[in-house]
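Below, each value reflects all heavy atoms present in this structure, side chains not excepted, and no hydrogens, waters or symmetry copies. Just so you know, ligand 1 is whichever comes first in the structure, and atom 1 is the first atom listed for that ligand.
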Amino acid sequence: MNLLIIGSGGREHALAWAASRSALRPRIYALPGNPGIAELGTLLPGDAADHDLVTAAVAEHAIDLVLVGPEAPLVAGLADHLSERGVRVFGPRRAAAALEGSKVFCKELMQRAGVPTAAFRVAEDSKTALAWAAEMPLPHVVKADGLAGGKGALIVHDRDEARAAVEALMVEERFGAAGRRVVFEEFLDGEEMSVFALVSGEEYALLPASQDYKRAADGDRGLNTGGMGAYAPVVGWTPTLEAQVRRRVIEPTLAALTSAGTPYMGLLYCGLMVQAEKPAVVEFNCRFGDPETQAVVPLLAGDLLEAIWAATDPAGSRGALTGIEPDGRAAVCVVIASQGYPGPVRKGLPIAERAVVSSDEALIFQAGTRREGQRLVTAGGRVLSVVGLGRDLPQARAHAYEAIPKEPFDGASWRHDIAWRGMAALEGASGSSRN
Ligand code: AMP
Ligand code: GLY
């Protein structure tokens, strides 16, 4: 099988790594990929926004399956373009990818389907939005309707912040057209979790739940980032919660999409806020999460690529999405970022070779890296994902931090407390059982 992975991050490296272990023995291509993926396959140059270029690459390399990593190509209709040309692609068509591409679409669909989520209203113009900013109970959340690279949700605590949020999104147009409409949401309290469902229409399989650490600094302080680390499986994931997520979140959402004539096929990322084993949806994404994927994929006992291949089968065989149950271990992913991330960063700094060598205890996935002759150098904000594996969370966490060398590259920075919420919950549980 010839597999083409679209994207260049740690998520795509982790997916390529999983594919490289598949019984389907794929020949792996990535567009544009990164030096980590280059060790597992062939990199193809180009930009996935150019649908004709992707189609030409598919033809030239006789690609059997395209696996799309990031959201932007899906929201722009890459899956439609390829499917219409007879190419098997894992990732939703544009109409279903709108779950991530438009918060308004997503909230309205959840409302229709009765999926638990924060109460909301949509403002179409800044005058209305400013009026609501002055009266909506605090705290609340103001969100750009469209894609904003994970930075379009502003949590506001007072009236000044509320007004500033509307001005940033709708007047200054910080995220361009994405902020032309905004969603006001009630603030949800609870434990945030990410749950991935591998979906084909209304059939799906759940992957182990994870938790993302989005803030730049220890103690969940500092700016929001794409994600500084993650761990899985999440402590606090119970059979009761799982049943709620299946029946109240995933199944009604998939049914609503099918009955709207836009069935879902691909990875459905459910961003949840959980309180007392009850989930509410914060967001849906139309693709694997980054960095959660790096922590989740190594825990799957079965063959992820076989499940993805089955999901894309146009004949759609029932029960095909089985065999990817977790193996019982835990994983902690620590992202090594460039100094200054999520702001502007210096690039081209040499990376120590020992920083990218995987072992049985820790896998290293590459993201913002580049080859410069024989040297590996930094090429972005998030540079490496170090994924510690262990029989339980404390061991996985120890393995992750032990695998990070003293100075992976000049100015390398990472959080020292990834998975702290899980660790605290475990300590709380053992403390109470001792008492
Ligand atoms: P989003 O862009 O919808 O993914 O939101 C980004 C982040 O903002 C989420 O991961 C949450 O941490 C936070 N967030 C978004 N919506 C809410 C909400 N209604 N209540 C509390 N936190 C939220
Ligand atoms: N880690 C959050 C995301 O992938 O959207």
Close approach of Pro291 to ligand 2, heavy atoms, under 4.0 angstrom: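 Judged by the 4.0 Å heavy-atom criterion, Pro291 does count as contacting ligand 2.
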Minimum-distance protein heavy atom relative to [atom]:
{"atom": "atom 13 (C) of ligand 1", "value": "Ile155 CD1, 4.0 Å"}
{"atom": "atom 2 (O) of ligand 1", "value": "Lys103 NZ, 3.3 Å"}
{"atom": "atom 18 (C) of ligand 1", "value": "Val141 CG2, 3.6 Å"}
{"atom": "atom 4 (O) of ligand 2", "value": "Arg287 NH1, 2.8 Å"}
{"atom": "atom 16 (N) of ligand 1", "value": "Lys143 NZ, 3.0 Å"}
{"atom": "atom 4 (O) of ligand 1", "value": "Glu283 OE1, 2.6 Å"}

Numbered atoms and elements of ligand 2 in range of [X], under 4.0 angstrom, heavy atoms:
{"X": "Asp212", "value": "1 (N), 2 (C)"}
{"X": "Gly289", "value": "4 (O)"}
{"X": "Gly226", "value": "1 (N), 2 (C)"}
{"X": "Asn285", "value": "5 (O)"}
{"X": "Glu292", "value": "1 (N), 2 (C), 4 (O)"}

Quick one: does any side-chain atom of [X] pair with a main-chain N or O of [Y] as donor and acceptor, under 3.5 Å?
{"X": "Thr117", "Y": "Ala280", "value": "no"}
{"X": "Arg329", "Y": "Pro298", "value": "yes"}
{"X": "Thr258", "Y": "Leu254", "value": "yes"}
{"X": "Arg94", "Y": "Val75", "value": "no"}

Between [X] and [Y], does at least one N-O distance fall below 4.0 Å, as a salt bridge requires?
{"X": "Arg121", "Y": "Glu108", "result": "no"}
{"X": "Arg415", "Y": "Asp220", "result": "yes"}
{"X": "Asp160", "Y": "Arg163", "result": "yes"}
{"X": "Glu251", "Y": "Arg246", "result": "no"}
{"X": "Lys107", "Y": "Glu185", "result": "yes"}

Side chain, backbone, both or neither: Tyr269 near ligand 2, heavy atoms under 4.0 Å: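 Just the side chain.
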Lys347 NZ: over 12 foreign heavy atoms closer than 6.0 Å: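 12 or below, so no.
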Just go through [options] and tell me whose heavy atom is the nearest to [atom].
{"atom": "atom 5 (O) of ligand 1", "options": "Ala153, Gly227, Ala280", "value": "Ala153"}
{"atom": "atom 23 (C) of ligand 1", "options": "Val282, Val183, Leu147", "value": "Val282"}
{"atom": "atom 22 (N) of ligand 1", "options": "Glu192, His140, Met273", "value": "Met273"}

Shortest non-hydrogen separation from Val182 to Phe184 and the atoms involved: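 For Val182 and Phe184, the tightest heavy-atom pair comes out as CG2-CE1, 3.7 Å.
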Min N/O separation Leu188 to ligand 1 under 3.5 Å: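 N/O-N/O distance below 3.5 Å exists for this pair.
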4.0 Å heavy-atom contact, Glu186 with ligand 1: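 Glu186 counts as a contact of ligand 1 under the 4.0 Å cut-off.
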Side chain, backbone, both or neither: Lys214 near ligand 1, heavy atoms under 4.0 Å: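 It is the side chain that touches ligand 1; the backbone stays farther off.
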Atom 7 (C) of ligand 1: any protein heavy atom closer than 4.0 Å: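 Protein heavy atoms within 4.0 Å of atom 7 (C) of ligand 1 - there are none.
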Lys NZ or Arg CZ of Arg397 over Trp420 ring: under 6.0 Å, within 45°: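 No.
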